Amino acid sequence: EELDDVVLVGHSFAGTVITGAAHRAPRRIRRLVYLDAMLPEDGRSVFEVVGPEMAGFFEALVAGHDGWSLPWLTDEQLDEYYGDHALAADDLAWMRRHLTAQPIATYREALRLDDAQANALPRTYVRCTGTPGPQRIAPGTPGWDTATLETGHWPMITAPSQTAALLDAIAGGTAA
């Protein structure tokens, strides 16, 4: 598309996707925004990054599904792994109508992240406060800006106006 000055936003697993894209076209990208997203590590697969418990859970889901793709989670699994996700019943119904299973190979394959220009790109991590676990990027971490959204892991569903406003502020350089 011959795009330049791009702000790439990746949610959840797509933190891996935007990082990989940045390492293939760093001169076209102005900023990477990780929206409650994975942070890949050079030479390690997503499964290696998330650890054996989560990797085993996902592998079991795949084995019980079709052997090659990760299905959407049940309500019970969402509650267990995504804490205060804030998804209402109608949100879940809408998502289940539109989501597709994800190829599990994307979790098993490692990325090479050795492009110095890509590694130097400005980055913002947006933490959703309803997502369990520690904050992935501490405020003040060199090379990173941080922000928070007071919602669960799917802010584009549960807090669309706030999410859009924050992303607009980050892209425009006016986010605090």
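Predicted model, so just to flag it, every value in this text is computed and none were measured.
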Mind checking whether [X] and [Y] sit in one hydrophobic cluster, side chains of I, L, V, M, F, W, Y counted as touching below 4.5 Å?
| X | Y | answer |
| --- | --- | --- |
| Tyr81 | Leu39 | no |
| Trp144 | Val33 | no |
| Leu87 | Leu149 | yes |
| Leu73 | Val46 | yes |
| Leu99 | Phe58 | yes |

So do [Y] and [X] actually touch side chain to side chain, heavy atoms under 4.5 Å?
| X | Y | value |
| --- | --- | --- |
| Leu35 | Trp154 | no |
| Trp72 | Thr100 | no |
| Thr124 | Leu32 | no |
| Leu78 | Thr74 | no |
| Leu113 | Pro40 | yes |

Pair Arg96 + Asp91: basic N to acidic O under 4.0 Å: no
By side-chain hydrogen bond (donor to acceptor under 3.5 Å, both in side chains) - contacts of His85 (at least two apart): Asp79
Test side-chain hydrogen bond (donor to acceptor under 3.5 Å, both in side chains) applied to Arg30 - qualifying residues, sequence neighbours left out: Asp5
Can you list everything that forms a side chain to side chain contact (heavy atoms under 4.5 Å, CB included) with [X]? Sequence neighbours excluded, please.
| X | value |
| --- | --- |
| Arg24 | Leu111 |
| Val49 | Met38, Glu41, Arg44 |
| Asp66 | Trp68, Ser69 |
| Pro71 | Leu61, His65 |

Using a 3.5 Å cut-off and no angle test, enumerate the donor-acceptor pairs between side-chain atoms of residues 7-17 and protein atoms at least two apart in sequence or in another chain.
unit_1 : atom_1 : unit_2 : atom_2 : d
His11  : NE2    : His153 : O      : 2.5
Ser12  : OG     : His153 : NE2    : 2.8
Thr16  : OG1    : Phe13  : O      : 3.4

For the [atom1] atom of [X] and the [atom2] atom of [Y], what is their distance to the nearest 0.5 Å?
| X | Y | atom1 | atom2 | answer |
| --- | --- | --- | --- | --- |
| Asp168 | Thr163 | CG | OG1 | 12.5 Å |
| Gln77 | Phe57 | CD | CZ | 4.0 Å |
| Tyr34 | Ile137 | OH | CD1 | 9.0 Å |
| Glu2 | Asp4 | CD | CG | 8.5 Å |

Tell me, please, which residues at least two apart from [X] pass salt bridge (Lys or Arg N to Asp or Glu O under 4.0 Å).
| X | value |
| --- | --- |
| Glu59 | Arg108 |
| Arg97 | none |
| Glu109 | none |
| Arg136 | none |

Distance-only side-chain donor-acceptor flag, Thr129 / Thr148, under 3.5 Å: no
Thr146 side chain to Arg127 side chain, donor-acceptor N/O pair below 3.5 angstrom: no
Candidate pair Tyr125 and Asp36, rule side-chain contact (heavy atoms from CB on, under 4.5 Å), full reasoning: CA-CA 7 Å; Tyr125 194 91; Asp36 213 37; 4.1 Å; yes
Summary of salt bridge (charged side-chain N to carboxylate O under 4.0 Å, His left out) pairs that have at least one residue in residues 111-126, sequence neighbours excluded: Asp42-Arg112
Closest contact, heavy atoms only, Ala86 versus Gly152: CB-N, 4.1 Å
Taking every non-hydrogen atom, the tightest pair across His23 and Pro26: C-CD, 4.3 Å
Derivation and outcome, side-chain contact (heavy atoms from CB on, under 4.5 Å), residues Gln162 and Thr151: CA-CA 10 Å; Gln162 298 91 326; Thr151 191; over 6 Å; no
Derivation and outcome, side-chain contact (heavy atoms from CB on, under 4.5 Å), residues Ile170 and Leu166: CA-CA 6 Å; Ile170 291 168; Leu166 178 59; 3.9 Å; yes
Steps toward side-chain contact (heavy atoms from CB on, under 4.5 Å) verdict (Tyr107, Gln102): CA-CA 9 Å; Tyr107 285 77; Gln102 177 159 339; 3.6 Å; yes
